[in-house]
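Below you'll find the structure, written out as structure tokens, and then a few comments.
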Amino acid sequence: MSSVPQYLTGDKQGIKAFLDKFDVFLFDCDGVLWSGDHVFPGTVETLSLLRSRHKQVVFVTNNSTKSRADYKKKLDSLGIPASVEEIFGSSYSAAIYISRILQPPPHKRKVFILGESGIEAELDSEGIPHLGGSDPAFRRDITPADYQAIAARDASMIDPEVGTVLVGLDHHVNYLKLALAYHYITGPNQATFLATNIDSTLPSAGALFPGAGSMSAPLIMMLGGPGREPLSLGKPSLRGQISLRPQKGVHGGRSREHGYHLWDRGRVGRHVGRLDRCGQ
Ligand SMILES: O=C(O)[C@H](O)[C@H](O)COP(=O)(O)O
Ligand SMILES: [Mg+2]
């Protein structure tokens, strides 16, 4: 095993021993690899060092504003080569949870989103219909007519096919979306209350900003406080979280991981799918 690169200071033997001990390296993103679009020093070098050692790198982010494809673009733009299969975002885990575990009945398949386009893209990738989110129709002030229509459960404002409310980091959160989410959860829809993640803050530009958790907090308060929290599908929650179990296969006569099995770590520990790393 070649020696540790010069730019890595400190206990080189310790670093080498550490690298030799592991095959897979999972990376948090916001606050670890970058802060906003500012990549922390050593990030690119460290990731290329791992790749040069044939280590598996996985990017695991709670940030639901971007889809896996969006993150691949961001990583590429920051000079960090990556494949979509190496990226796990909370918007993806939420889409998988809804389509493969929650499996709402056909007449309640729609998801009302309090969040950004990353959630929409991942729900689309699982064929799940949705509304709200980045739709300009919901990025506006509430009007007196809205109050009337929502209270009357008018179909122009309350879609009877909504069975899930999904809350993520929303840079356009507003009163109208909160009101609609509340009425979907409490009214005849009895929508399931889910969150991509519940981080209280978002690290960006070297400071902290409102996190996804602060988007669902007003709803938790309206619903009666403790005990009415949403099921969170991001790190570190286990319930309903998808876990990755390496899947071995034979390539070129050698046994090697070629993807992951998806397991629901919630109720039954059910196998819910697989993700291939080499398209087999
Ligand atoms: O509010 C949020 O969503 C989180 O602060 C943010 O998403 C954290 O992302 P991560 O550190 O998991 O990449
Ligand atoms: Mg982080």
Side-chain angles (χ1 to χ4, degrees), residues 24-44 46-47 50 56-80 82-98 111 113-123 132-134 165-174 177-178 181 193-221 229-244 265:
V24 183
F25 289 76
L26 305 185
F27 284 91
D28 176 280
C29 298
D30 290 322
V32 170
L33 301 181
W34 54 63
S35 183
D37 286 330
H38 167 68
V39 179
F40 294 130
T43 295
V44 175
T46 302
L47 290 165
L50 293 172
Q56 218 165 324
V57 170
V58 183
F59 303 93
V60 188
T61 179
N62 267 356
N63 195 320
S64 64
T65 60
K66 289 184 173 61
S67 66
R68 288 162 298 153
D70 298 332
Y71 268 112
K72 173 163 174 40
K73 285 193 201 112
K74 174 169 182 165
L75 286 158
D76 288 346
S77 73
L78 297 173
I80 303 172
S83 67
V84 166
E85 287 74 21
E86 294 172 327
I87 301 166
F88 283 88
S90 63
S91 52
Y92 179 56
S93 105
I96 295 266
Y97 180 79
I98 295 168
V111 176
I113 301 171
L114 224 155
E116 301 285 346
S117 61
I119 295 177
E120 295 165 340
E122 295 298 0
L123 290 178
S134 67
V165 166
L166 178 59
V167 181
L169 183 57
D170 189 341
H171 295 120
H172 306 85
V173 61
N174 62 28
K177 285 185 195 176
L178 287 170
F193 183 20
L194 301 179
T196 57
N197 63 304
I198 49 175
D199 300 55
S200 54
T201 56
L202 168 74
S204 190
L208 293 179
F209 296 86
S214 58
M215 312 290 149
S216 45
L219 285 168
I220 297 169
M221 184 174 206
E229 292 82 4
L231 173 62
S232 171
L233 299 154
K235 304 167 292 180
S237 82
L238 284 180
R239 273 220 51 227
Q241 192 169 74
I242 305 288
S243 74
L244 314 171
R265 296 172 76 160

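Both counts, for ligands and for their atoms, begin at 1 and track the order of listing. Worth knowing before you read on, the calculation uses all heavy atoms, side chains too, and leaves out hydrogens, waters and symmetry mates.
- Among the atoms of D28, an N, O or S atom falls under 2.8 Å from the Mg ion (ligand 2).
- An N or O contact shorter than 3.5 Å links C29 to ligand 1 by distance.
- Near N63, with a cut-off below 4.0 Å to any heavy atom, the atoms of ligand 1 are 7 (O), 9 (O).
- The atom of D30 nearest to the Mg ion (ligand 2) is O, with the search restricted to N, O or S atoms.
- Nearest protein heavy-atom neighbour of atom 13 (O) of ligand 1: T61 OG1, 2.6 Å.
- Residue A212 has at least one N or O atom closer than 3.5 Å to an N or O atom of ligand 1.
- Residues H172 and K177 meet the side-chain proximity criterion, which asks for heavy atoms closer than 4.5 Å.
- Those atoms of ligand 1 that come under 4.0 Å of a heavy atom in D199, given as number and element, are 1 (O), 2 (C), 4 (C), 5 (O), 8 (C).
- Of all the atoms in ligand 1, the ones that sit under 4.0 Å from a non-hydrogen atom of L202 are 5 (O), 6 (C).
- Proximity to G211 (heavy-atom distance under 4.0 Å) selects the following atoms of ligand 1: 1 (O).
- When only modelled atom types and interatomic distance are considered, E120 and S134 share a side-chain donor-acceptor pair under 3.5 Å.
- When all heavy atoms of M215 and L178 are compared, the pair lying nearest together is O-CD2, 3.9 Å.
- For ligand 1, the polar-atom distance check finds an N/O of K235 within less than 3.5 Å of one of the ligand's N/O atoms.
- Taking the six-membered ring where the residue is Trp, F25 and F27 present parallel rings, their angle staying beneath 30° rather than reaching 60°.
- Side chains of T65 and N63: a donor-acceptor N/O pair is present below 3.5 angstrom, by distance only.
- Nearest to atom 3 (O) of ligand 1 by heavy atom, out of D30, T65, N197, is N197.
- Considering all non-hydrogen atoms of both residues, G234 and S90 come closest at CA-CB, 4.3 Å.
- In terms of protein heavy atoms, atom 5 (O) of ligand 1 is closest to T201 O, 2.7 Å.
- Side-chain atoms of L47 and V57, non-hydrogen and from C-beta on, do get closer than 4.5 Å to each other.
- Classification of K74 and D37 as a salt-bridged pair holds, one side-chain N sitting under 4.0 Å from a carboxylate O.
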